[in-house]
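Below you'll find the structure, written out as structure tokens, and then a few comments.
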Amino acid sequence: MNPTPGPTAGSALDDASKIGHFSWDGVWFPSFEDYLVTTIAGRPKVQDERKSWHIIWNYGYAPVGACQLRIKSFDEVLYAYSASNRTLKLEGPRVAHVGVPVTLTVTDGETNKPVSGASVGGKRSRKDGHVLVEFSDKGLQSLKAEKTNVIRSKRLDILVV
């Protein structure tokens with residue numbers, strides 16, 4: 001447990017569960033003085049010994065557990081059930097125009113190195129991490145970058161005008 005009061009990755013999960021109306025559970029490990037998260041929103045239904053809940057903090061693997069990891073404003077905390085702790089980051093413009101291609105960039109969240117072969121909106125990122133997308137409809141478009149054995153990116157929202 002954190003020795004002083006304040007927000008932690010565990011309290012962020014608990015706050016999110018109240019806002020999102022889902023439950024979570026964990027097992028207390030006295031030797032670590034922290035919880036190991038076992039389920040979030042009923043997942044996984046069946047434990048897979050190759051996977052566990054990872055705490056990803058600002059795109060890097062958290063160095064301590066949920067109750068010990070002190071967080072502050074604008075920190076990004078992600079709980080991901082995966083065999084990997086690598087995450088993708090997807091970046092691009094917040095506004096695009098119908099019929100005009102825009103370049104998005106997929107990188108490794110921790111190292112910021114380009115990631116090739118990630119899927120974004122049905123297209124694949126190149127060796128430099130770039131992927132060109134074009135929108136045919138106005139409105140808010142939401143995209144994520146995905147790749148096998150890597151935790152997908154958070155959602156990138158682009159307003160198409």
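This structure is a prediction, so every number in the text was calculated from the model and none was measured.
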Is [X] reaching over with its side chain to a backbone N or O of [Y], donor-acceptor style, under 3.5 angstrom?
X	Y	result
W57	A62	no
T111	K113	yes
T39	G42	no
Y79	A9	yes

**Prompt:** If you look only at pairs with a residue in residues 144-161, which of them pass as a side-chain hydrogen bond (donor to acceptor under 3.5 Å, both in side chains), with sequence neighbours excluded?
**Reply:** E76-K154, S142-D157, R155-D157
**Prompt:** What pairs with W24 under ring pair (Phe, Tyr, Trp, His ring centres under 6.0 Å), at least two apart in sequence or on another chain?
**Reply:** none
**Fill in**
Residues passing the ring pair (Phe, Tyr, Trp, His ring centres under 6.0 Å) test with Y61, sequence neighbours excluded, are H54
**Request:** Would you check if L104 and I158 make a side-chain contact, meaning some heavy-atom pair closer than 4.5 Å?
**Result:** yes
**Message:** With heavy-atom distances below 4.5 Å as the criterion, would you say the side chains of I151 and L78 are in contact?
**Reply:** yes
Distance in Å, [X] [atom1] paired with [Y] [atom2], rounded so as to fall on 0.5 Å steps:
X	Y	atom1	atom2	answer
T87	I56	OG1	CD1	6.0 Å
E110	Y59	CD	OH	12.5 Å
L140	L159	CG	CG	6.5 Å
T8	I71	OG1	CD1	6.5 Å
W28	C67	CH2	SG	6.0 Å

Would you be so kind as to tabulate the donor-acceptor pairs closer than 3.5 Å made by side chains of residues 116-134, with sequence neighbours excluded?
residue	atom	partner	partner atom	Å
R124	NH1	G117	O	3.1
S125	OG	V115	O	2.7
S125	OG	G117	N	3.2
S125	OG	A118	N	2.9
R126	NH2	D128	OD2	3.3
D128	OD1	H130	N	2.9
D128	OD2	H130	ND1	3.1

Per-pair distances, 0.1 Å, donor-acceptor, side chain in residues 15-22, under 3.5 Å, sequence neighbours excluded:
residue	atom	partner	partner atom	Å
S17	OG	D14	O	2.7
K18	NZ	D14	OD2	3.0

**Prompt:** Which heavy atom in P63 sits nearest to a heavy atom in L69, and how many Å separate them?
**Reply:** CD-CD1, 4.3 Å
**Prompt:** Which heavy atom in K138 sits nearest to a heavy atom in V98, and how many Å separate them?
**Reply:** CG-CG2, 3.6 Å
**Request:** Identify whether L13 and V64 are in the same connected component of the hydrophobic contact network (ILVMFWY, side-chain heavy atoms under 4.5 Å).
**Result:** yes
**Item:** Hydrophobic cluster membership, V161 vs V100, 4.5 Å side-chain cutoff
**Value:** no
**Asked** Taking only residues at least two apart or on different chains, which pairs with a member in residues 83-100 satisfy salt bridge (charged side-chain N to carboxylate O under 4.0 Å, His left out)?
**Response** R86-D108
